[in-house]
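Working notes, beginning with the structure itself.
No hydrogens, no waters, no symmetry mates; every other heavy atom, side chains included, goes into these values.
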Amino acid sequence: MKLTVYPPGFGEITGSPFSSKAICLMEMSGQGYELDVNPDPRKSPKKKFPVLNDGGQIIPDSDQIRDYLETTYGMDFDAGLSAIQKAMSRMVIRTFEDLAFWQADG
């Protein structure tokens, strides 16, 4: 698998919170992957990173990468959480991601 992300920034492995999320998901999944740093997302499906390439299967979004890892490789990133806790987790994630997107967008 190859995970394409934005270059380092702000003292971190990548300057993008969504790319950071995808890297964390890959690490947590235990799946082997190659990190591809690319400053130009214009050729990616959604014109942004991260993008996961798994043997030609292209997954172009950090949330879709999470879903893909869960369904394809049997990962459960919410293992041990109740249904209510899972719903709250998703709500918090979506809220922070929405704020990160709109703050970065101006």
Please tabulate, for side-chain N and O atoms in residues 2-9, each donor-acceptor pair with protein atoms closer than 3.5 Å (sequence neighbours left out).
residue, atom, partner, partner atom, Å
Thr4, OG1, Asp36, OD2, 3.1

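- A heavy-atom distance below 4.5 Å is found between the side chains of Met88 and Ile84.
- The distance from atom SG of Cys24 to atom CD of Glu27, rounded to the nearest 0.5 Å, is 8.0 Å.
- Put simply, CG on Leu52 and CG on Asp61 are 11.5 Å apart, with the number rounded to the nearest 0.5 Å.
- Residue Leu25 is not grouped with residue Phe96 when hydrophobic side chains (ILVMFWY) are merged at heavy-atom distances under 4.5 angstrom, including chains of intermediate members.
- In plain terms, the two heavy atoms of Val51 and Pro60 that are nearest each other are CG2-CA, 4.1 Å.
- Separation of atoms CZ (Phe49) and OG (Ser16) is listed at 10.0 Å; rounding is to 0.5 Å.
- Tyr68 is linked by a ring-ring contact (aromatic ring centres under 6.0 Å, His included) to nothing, counting only residues two or more places apart in sequence or in another chain.
- For residues 72-81, the pairs satisfying side chain to side chain donor-acceptor pair (under 3.5 Å) are Asp54-Tyr73, Arg66-Asp78, with sequence neighbours left out.
- Note: Met1 CE to Leu35 CG = 13.0 Å, rounded to the nearest 0.5 Å.
- In this structure, Thr95 OG1 and Glu97 CD are separated by 9.5 Å, a value rounded to the nearest 0.5 Å.
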With salt bridge (Lys or Arg N to Asp or Glu O under 4.0 Å) as the criterion, how do Arg90 and Asp63 come out once you've worked through the C-alpha distance, each side chain's angles and the decisive distance to 0.1 Å?
CA-CA 10 Å; Arg90 294 303 263 183; Asp63 208 43; 3.5 Å; yes
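- With a 4.5 Å cut-off on side-chain heavy atoms, Thr14 and Val37 do not count as touching.
- Note that OH of Tyr33 and CD1 of Ile65 are 11.0 Å apart. Values are rounded to the nearest 0.5 Å.
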side-chain contact (heavy atoms from CB on, under 4.5 Å) assessment of Lys46 paired with Gln64
CA-CA 12 Å; Lys46 292 187 172 185; Gln64 290 178 9; 3.4 Å; yes
